[in-house]
Amino acid sequence: MPLGPWRKKNKSTKEQLVDNEEVSGGHAGAGSLSKSAVNGAGLPPPPANLRPKLVFHTQLAHGSPTGRIEGFGNVKELYGKIAEAFNISPPEILFCTLNTHKIDMDKLLGGQIGLEDFIFAHIKGIKKEVEVYKSEDALGLTITDNGAGYAFIKRIKEGSVVDRVKVISVGDHIECINGCNIIGTRHYEVARMLKDLPRDKSFTLKLVEPMKAFEMLEPRSKGAKPATDNKIVAGRGTLRLRSKGPATVEDEPTEFEDKAVKKVDDLLESYMGIRDTELAATMVEVGRDKKNPDEFAMALDETLGDFAFPDEFVFDVWGAIGDAKQGRF
């Protein structure tokens with residue numbers, strides 16, 4: 001069915017920002033959505049007395065005493081509570097992982113936290129400036145963001161352009177590209193900027209790596225591999241964080257939700273060069289009760305129109321949701 005007549009900002013063809021390669025979100029993506037979110041578009045944060053009365057334990061990943069935090073409704077508020085617990089500034093926090101102090105992209109905190117999960121906050125460490133020669137169209141990066149304005153590297157493809165630059169590591173926050181400050185820029189926009197850099201020329205990245213304890217210093221990881229089993233199910237339920245509207249306590253993801261979200265996240269990487277499981281979860285939520293692809297595409301525009309998803313991508317997402325419903329994964 002044709003989707004074009006009512007698309008808001010449609011890109012006419014399938015566009016791979018890092019050439020079907022990997023430029024992320026994760027959970028992570030880390031809790032990031034567009035300016036509107038399902039069941040919460042345009043709503044102000046709820047009053048503190050109406051938020052779930054849940055207490056979580058947290059530490060700084062490089063080492064600290066254990067803190068207790070509560071009363072947050074989204075990722076930015078979570079970072080604020082962590083910063084308050086450890087007397088640091090919220091912008092010092094790059095991202096959080098669940099149940100491990102390691103830079104493990106499979107454990108990246110996104111839009112859901114298990115009710116018994118332990119939160120580790122990774123803060124800014126060493127700054128570095130790197131010159132990269134773009135010898136190929138695809139750089140070999142997966143980009144995600146932390147839900148609070150920081151884009152960082154989620155995965156490095158083995159043998160890629162960036163893999164040959166050994167000072168660049170998974171978890172590095174990208175602060176500037178060719179002197180242009182990109183703090184506050186969404187992951188898909190950062191992916192586009194990297195894709196648009198001219199081939200056979202050098203460019204400069206300013207990076208900030210997470211602070212590491214001595215025992216964490218080890219050979220760099222290539223980061224999270226796609227389609228791994230990274231479901232967050234530590235508690236009897238999960239706290240769902242939303243960029244707009246109140247946080248909600250929900251049951252653990254069903255098998256349908258888990259499989260559909262993983263497939264949609266793979267499609268986000270293939271078409272747009274990002275990984276963002278919270279964005280994928282929102283798309284699955286939008287599509288679960290729709291009867292046909294046109295109805296789904298219209299609902300997707302209303303909810304996530306800022307992304308201007310290509311028509312081919314929307315069809316593939318619809319197909320993935322349908323396959324998950326039918327148990328074909």
Side-chain angles (χ1 to χ4, degrees), residues 1-17 20 23-43 74-75 110-112 143-145 147 185-192 226 240-245 248 250 253-254 256-326 328-329:
M1 299 180 186
L3 299 180
W6 39 260
R7 303 287 289 159
K8 287 186 179 179
K9 301 179 183 178
N10 180 50
K11 301 287 188 297
S12 58
T13 60
K14 174 177 177 179
E15 181 177 11
Q16 297 174 330
L17 295 183
N20 194 29
V23 201
S24 184
H27 273 76
S32 51
L33 292 176
S34 73
K35 295 180 180 178
S36 57
V38 171
N39 296 333
L43 295 178
N74 56 50
V75 172
Q112 291 183 315
I143 305 297
T144 190
D145 64 40
T185 304
R186 293 300 310 279
H187 48 19
Y188 61 93
E189 295 171 317
V190 175
R192 185 185 303 278
R240 175 81 179 271
L241 304 178
R242 303 180 187 276
S243 61
K244 305 278 186 170
T248 55
E250 301 179 354
T254 64
F256 153 71
E257 292 167 335
D258 188 48
K259 291 182 177 180
V261 167
K262 286 179 180 178
K263 181 59 178 178
V264 173
D265 198 30
D266 288 343
L267 290 170
L268 281 169
E269 183 172 35
S270 177
Y271 277 85
M272 301 185 67
I274 63 174
R275 292 192 78 88
D276 187 335
T277 53
E278 177 59 15
L279 176 59
T282 299
M283 299 179 76
V284 171
E285 190 172 345
V286 169
R288 66 185 307 151
D289 62 346
K290 300 302 181 288
K291 297 179 175 58
N292 57 64
D294 281 331
E295 185 179 336
F296 170 60
M298 292 180 70
L300 207 58
D301 266 344
E302 292 173 0
T303 305
L304 299 169
D306 290 343
F307 284 86
F309 296 119
D311 288 346
E312 295 90 341
F313 170 75
V314 175
F315 273 119
D316 282 352
V317 171
W318 171 254
I321 294 173
D323 287 344
K325 286 181 180 178
Q326 298 298 320
R328 289 196 285 265
F329 291 146

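Heavy atoms only: backbone and side chains are in, while hydrogens, waters and symmetry mates are out.
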Completion exercise
Of all heavy-atom pairs linking W318 and G287, the shortest is CZ3-O, 3.9 Å

Handout entry: Flag side-chain contact, heavy atom, 4.5 Å: D276 against H187
Key = yes

Practice task
Any chance you could measure T185, atom OG1, to D145, atom CG, to the nearest 0.5 Å?
Solution key: 10.0 Å

Fill in the blank from the handout: Result for side-chain contact (heavy atoms from CB on, under 4.5 Å) between M283 and one of V261, L304, V314 points to L304

Handout entry: R288 side chain near E257 side chain, heavy-atom distance below 4.5 Å
Key = yes

Handout entry: K262/D266 ion pair, N-O < 4.0 Å
Key = no

Completion exercise
When V264, L268, D265 are each screened for side-chain contact (heavy atoms from CB on, under 4.5 Å) with L279, the one that passes is L268

Exercise for the section: Quick one: closest heavy-atom pair of A299 and V286, and the distance? Expected result: CB-CG1, 3.6 Å

Problem - Option among N292, L300, D294 that satisfies the side-chain contact (heavy atoms from CB on, under 4.5 Å) test with F296 - result: L300

Problem - Non-hydrogen side-chain atoms of F256 and I321 separated by less than 4.5 Å - result: yes

